[in-house]
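What follows is a set of notes on a single structure, which appears directly below.
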Protein chains: 2
Amino acid sequence: MRLTCRSCSIRSRALCRALPEATLDQINRLARRRRVPAGRALFNEDEANNVVATVLAGVAKVSVSLADGRTQVVGLHFPSDFIGRPFAAPVAPLAEAATDVELCFFDRPRFEALLVEHKGLEEVFVRQVTAELDAAREWMLLLGHKTAEERMASLILQCLTRLEPSDCVAHVPATEVRIELPLSRTEIAQFLGLTIETVSRMLKRLSTVGVIAIESGRGIRVRDRAGLERRAEAGKV
Amino acid sequence: MRLTCRSCSIRSRALCRALPEATLDQINRLARRRRVPAGRALFNEDEANNVVATVLAGVAKVSVSLADGRTQVVGLHFPSDFIGRPFAAPVAPLAEAATDVELCFFDRPRFEALLVEHKGLEEVFVRQVTAELDAAREWMLLLGHKTAEERMASLILQCLTRLEPSDCVAHVPATEVRIELPLSRTEIAQFLGLTIETVSRMLKRLSTVGVIAIESGRGIRVRDRAGLERRAEAGKV
DNA sequence: CGGCGCGCTTGATACAGATCAAAGAAAACT
DNA sequence: AGTTTTCTTTGATCTGTATCAAGCGCGCCG
């Protein structure tokens, strides 16, 4: 199915809720689309500070690094999420495609103008940034105080939640759900504050106790979601 | 010096930049003031989701916890910082006074109305939230990948930066600066993802090598800021 | 088809920081 | 002032995760 530029924004939860048709039209007129293959930066240097975008398909990661190379993935952006910050400081962290990504982007100054002009849009945007902040804080708790196993379980749960079709609010939960982790082992390690070896061992551990099954490299089946939830918060079985 | 309610907002960097006099007047009319002694929650349960505030004096901390008690301090709010989120999800993390705090607070719905009405204010607010997100991300890097010594040095530097008088942009840097850490050892540990014992040992280490000197419990003198900066990012001396 | 490279797993060992234990030092209370 | 309580330091030991070091699987390309 080919998405038209119009449907870009329509498909974006973050943008479309409660906005009048006229506003959406205006937004859509500013939108441009782009596909970014896995591993590539979403924007080139010139763009980085002058665009905002929403993810249509795939998963993007945002990361920050220390001079000596230590890297922390600080956020994942799933379909419908915003990327970029209007009015913000001119230092953008690095945004890359974790999987192949399809996105819909806007010239920043114009988007800012829209933001100022349309009350509803501004509110939607504030909510989005706020949600991101909440996610960052939850991750701080994970990085500061959770064990390796809890971290791994938390990540799987987050992917599960965000990759599930969210439209059908009350769909019957499948006993076994298959998902494709959007990150490589290295990226998982950078997100969880662990090493790739530990990530590998924790995945193994979770699969030996039976809460997940590892299919191929990134593909896993969640066999016991409750067990996973328990393990995401309390170390003790 | 007694601060009038009017001067509340005037003193707040975040609120006063580039706002027209009329807007400030309107904001000031909605403001209420409060003093919170160290250790107390800033707001009671009813309020928590229905107010926003700016810190006038002292330092507030925001924290999230796991069921078993593990606690992560996810943010510090220094004078001029915002607390609370307009339009946000109805789950507010716990905000407490780290030191005695003086704040200026607003009824949330009214503040939201203001936000929608005044373009400039909204922009100021977005910037504030964005800055908070940046800080959270930098802290994620710290929690995920820095050593205990680097963490301790980073915290001291952050306090140093935020507690310095920021009005005098180009003031001559003193060779030795004395600051009062706004957090107890326990709180520092919860912020850095360490234990109190390790915090104590790292402070000792930094003082033995001479970059800081420990005066009383919370009072320290920064004797070698450059050394501290080096230690905040690179482990190796 | 076979070698080559890259991402992943697995095992052995080391170490930073946690945990356990106790003693000082400040506050807080009487 | 003296006692209790709470916070901080210091020391000894333990442990989870990093680090070091092979080995494995699989896609890629000649």
Side-chain angles (χ1 to χ4, degrees), chain A residues 37-39 66 68-72 98-99 142-156 180-208 212-220 231 234-237, chain B residues 37-40 66 68-72 98-100 142-156 180-208 212-220 231 234-237:
Chain A
L66 247 25
D68 64 3
R70 283 176 286 178
T71 297
Q72 176 70 41
T99 66
L142 176 146
L143 293 169
H145 293 284
K146 286 192 184 178
T147 65
E149 189 179 286
E150 290 171 329
R151 294 179 197 208
M152 196 65 241
S154 301
L155 176 61
I156 296 172
E180 192 86 4
L181 293 176
L183 302 173
S184 70
R185 295 293 186 270
T186 301
E187 292 167 319
I188 293 174
Q190 290 172 342
F191 196 24
L192 299 183
L194 301 170
T195 58
I196 53 174
E197 294 94 330
T198 302
V199 167
S200 184
R201 285 188 247 268
M202 292 308 135
L203 280 170
K204 175 119 187 258
R205 182 137 112 203
L206 291 175
S207 87
T208 345
I212 66 168
I214 297 167
E215 313 231 285
S216 59
R218 294 185 177 197
I220 62 175
R231 263 163 245 270
K236 54 214 88 156
V237 187
Chain B
R40 285 279 182 48
L66 247 25
D68 64 4
R70 282 175 287 176
T71 297
Q72 175 70 40
T99 66
D100 289 350
L142 177 147
L143 293 169
H145 294 283
K146 287 193 185 177
T147 65
E149 189 179 287
E150 290 170 329
R151 294 179 197 207
M152 195 65 242
S154 301
L155 176 61
I156 295 172
E180 192 87 3
L181 293 176
L183 302 173
S184 70
R185 296 292 186 267
T186 302
E187 292 167 319
I188 293 175
Q190 290 172 344
F191 196 24
L192 299 183
L194 302 170
T195 58
I196 53 173
E197 294 94 330
T198 302
V199 168
S200 184
R201 285 188 246 268
M202 292 307 135
L203 279 170
K204 176 122 187 255
R205 182 137 109 202
L206 290 175
S207 87
T208 350
I212 65 168
I214 297 167
E215 314 232 286
S216 59
R218 295 185 177 197
I220 62 175
R231 264 162 244 271
K236 56 214 85 156
V237 186

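Reminder, nothing fancy here: chain letters follow the sequence lines and each chain counts from 1. Values below: all heavy atoms of this structure, side chains included; hydrogens, waters and symmetry mates excluded.
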Mind checking whether B/T99 and B/E180 have side chains closer than 4.5 Å, heavy atoms only? no
Expressed in angstrom and rounded to an integer, what is the separation of A/I196 atom CD1 from C/dG7 atom C1'? 8 Å
Rounded to the nearest angstrom, tell me the gap between atom CG in A/L183 and atom C1' in C/dG7. 14 Å
Reported CE-to-CD distance for the pair B/M202 and B/E150, which is rounded to 0.5 angstrom: 11.0 Å
Which angle, rounded to 10°, do you find between the first-five-pair axis and the last-five-pair axis of the helix from C/dC1-D/dG30 to C/dT30-D/dA1? 40°
Which pair of heavy atoms, one from B/H145 and one from A/R70, lies closest together, and at what distance? O-NH1, 2.9 Å
Name the residue from B/T186, B/L155, B/I188, B/L183 that meets the side chain to side chain contact (heavy atoms under 4.5 Å, CB included) definition with B/V199. B/I188
Measure the shortest side-chain to side-chain distance between B/I156 and B/L203 over non-hydrogen atoms and say whether it is less than 4.5 angstrom. yes
Which atom names give the shortest non-hydrogen contact between B/A98 and B/R218, and what distance separates them? O-NH1, 4.2 Å
Interatomic distance, A/I188 CD1 vs C/dG7 C1' [rounded to whole Å]: 12 Å
What is the distance, rounded to the nearest whole Å, between atom CZ of B/R218 and atom C1' of C/dA27? 12 Å
Distance below 4.0 Å between A/K204 side-chain N/O and C/dT9 OP1 or OP2: no
Whole-Å gap separating P (D/dT8) and CD (B/E215): 16 Å
At under 4.0 Å between heavy atoms, which parts of nucleotides 14-29 of chain D does protein reach? Answer with one letter per nucleotide, 5' to 3': B base, S sugar-phosphate only, - none. ---SSBB---------
Look only at the side chain of A/T208 and the backbone of A/K204, and say whether a donor-acceptor pair between them is shorter than 3.5 Å. yes
B/R185 CZ - C/dG24 C1' separation (whole Å): 14 Å
Does any N or O in the side chain of A/R185 come within less than 3.5 Å of the main-chain N or O of A/G217, such that one atom is a donor and the other an acceptor? yes
Nearest atoms (heavy-atom pairs only) where A/S184 meets A/E187: N-OE1, 2.8 Å
Once you round it to whole Å, what is the distance between C1' of D/dT9 and CD1 of B/I220? 16 Å
A/H145 NE2 to C/dG17 C1', in whole Å, measures 13 Å
